[in-house]
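Computed from heavy atoms alone, side chains included, the values below leave out hydrogens, waters and symmetry copies. Order of appearance sets the numbers: ligands from 1, and atoms from 1 within every ligand.
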Amino acid sequence: MAETSNVDYSTKIPNNVGLTDDQRVLKALEQWHPGYIDWWMTMGPEGFQTSDVYLRTAISIDPKGWAKFDYVKMPEYRWGILLAPRQEDRQVNFGTHKGEKAWQEVPGEYRAMLRRLIVVQGDTEPASVEQQRHLGKTAPSLYDMRNLFQVNVEEGRHLWAMVYLLQKYFGKDGREEAEGLLQRRSGDADKPRMLGAFNEATPDWLSFFMFTFFTDRDGKMQLESLAQSGFDPLSRTCRFMLTEEAHHMFVGETGVGRAIEATCQAMKAAGIEDPYDINAVRKLGVIDLPTMQKKANLHFSLSLDLFGSEVSTNAANYYNSGVKGRFQETRIDDDHQLTNAVYPVSKFVNGQIKLIDEPALTAINMRLRDDYVADCAKGVERWNKVIEKAGVNFRLKLPHVAFHRHIGEFQNVKASPDGKVLSEAEWAKQKDAWVPSKADGDFIGSLMQPCWERGKFATWISSPKVGIDNKAGDFEYVKIHQG
Ligand SMILES: [Fe+2]
Ligand SMILES: [Fe+2]
């Protein structure tokens, strides 16, 4: 079966890339499969591997009908290889190869570069599954539990997507990298995952929602820029991943939004006007808004670190070579080579945070990060609408990009959320007001009681406006068989 828009389910690995005609890659993937299942059983959702979960599975790459919903036991999920349709005459749209035909094979000179990009992207996918594996046990509803598992199986599929590229295009090195992706573990001292935010704990459901809002959104931006790649199979792979990624961001945004809603409603019902009366708010069994701000501060700053150094020759090389573009590259009105262009970069100069023009080529990471911040800000405004509508006097906002950073220009700077440069002592004194403290974590932890009755939700989160796949409010999204 050749490349099609419908997915071939006759092979062990569902795909639309003609795997039956590509025995070498099919065999390589079949050999990798048991190790993957082993990883999923040991590192995937803990305690729910025998439950029936109402999941969507990709069955087509037609945007209008690409998924079907049904009950599935997660280890039996059909993880497949799906690429967006090939666009005839697609070109390399930026860099020194601009105007050439898009590459169907890896150009020898960019092999190491492309492999690196694919491995780094691939490494994030299983990492988040590992970070979230314990959350099923404290799910605030069956609806939320199902969403968690949906995100998890799709991150698993994204790992498959990257492994396919490694196996098909990178020979022996690719096979070794594919093995490595199953060996590293989030947070492991000896074999950690490759990027910082993917080694942090996701201790509770508010963290999970913040992670899917902020960190999956970094993933979206990375996929967007890889979707521009001149290496066509990578572009097509990432384009299809983006259709799934939209749901992950939905889970994050609505998850936090519903927590905000529950808090505001409880405050109103109890006649609490002051959002900073934290003890009174917490007594209602909801998460106070200032603590949500702290969680947002933490996850936003960790996610900013994923964009790497603001000024980067690696990023310039990726761009020049045509392997990784800018967000919505083809919609930008410029020469797409950035020969003489400059871009303002926030830097730390003589003790001050300043915007300095840098060559646009080396400022590619900064630009992608700016696009990311703008995208985050829109979501935060939608959260503020929820607060406003409830009549509570509070606004959430994104902290300054210099706040709480570990990578790039500001890694050695202490700054407040509004961007004021601080001494170590000032930072230490106020830190607990800006990032979640141990006490905040303990309080949120105390609310993480499972709520698994059909149609019921934990006190700290409101019910969603509509069900998944338009199901009624009391739909049994997960039939729990604990094993
Ligand atoms: Fe992903
Ligand atoms: Fe994701």
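- Val17 pairs with exactly one of Asp22, Val25, Ile81 by the side-chain contact (heavy atoms from CB on, under 4.5 Å) rule, that one being Ile81.
- Checked against the Fe ion (ligand 1), the N, O or S atom of His158 at the shortest distance is ND1.
- When distances from the Fe ion (ligand 2) to the N, O or S atoms of Asp216 are compared, OD2 comes out shortest.
- The Fe ion (ligand 2) does not have Glu154 among its coordinating residues (no N/O/S atom, backbone or side chain, under 2.8 Å).
- When you scan the N, O or S atoms of Glu155 for the one nearest the Fe ion (ligand 2), you land on OE2.
- Among the atoms of Glu244, none of the N, O or S atoms falls under 2.8 Å from the Fe ion (ligand 2).
- Residue Glu245 counts as close to the Fe ion (ligand 2), with an N, O or S atom under 2.8 Å.
- The atom name of the N/O/S atom in Glu125 closest to the Fe ion (ligand 1) is OE1.
- Looking only at side-chain heavy atoms (C-beta outward), Leu226 and Leu117 come within less than 4.5 Å of each other.
- Inclusion of His248 in the first shell of the Fe ion (ligand 2) is supported: an N, O or S atom falls under 2.8 Å.
- Aromatic ring centres of Phe327 and Tyr372 lie farther apart than the 6.0 Å criterion allows.
- His134 contributes atom NE2, which lies 8.5 Å from atom CG of Asp204 (distance to the nearest 0.5 angstrom).
- Remark: Lys479 is positioned above the aromatic ring of Tyr71, its terminal NZ or CZ atom under 6.0 angstrom from the ring centre and at most 45 degrees off the axis.
- In summary, the aromatic rings of Trp160 and Tyr164 are positioned with their centroids too far apart to meet the 6.0 Å limit.
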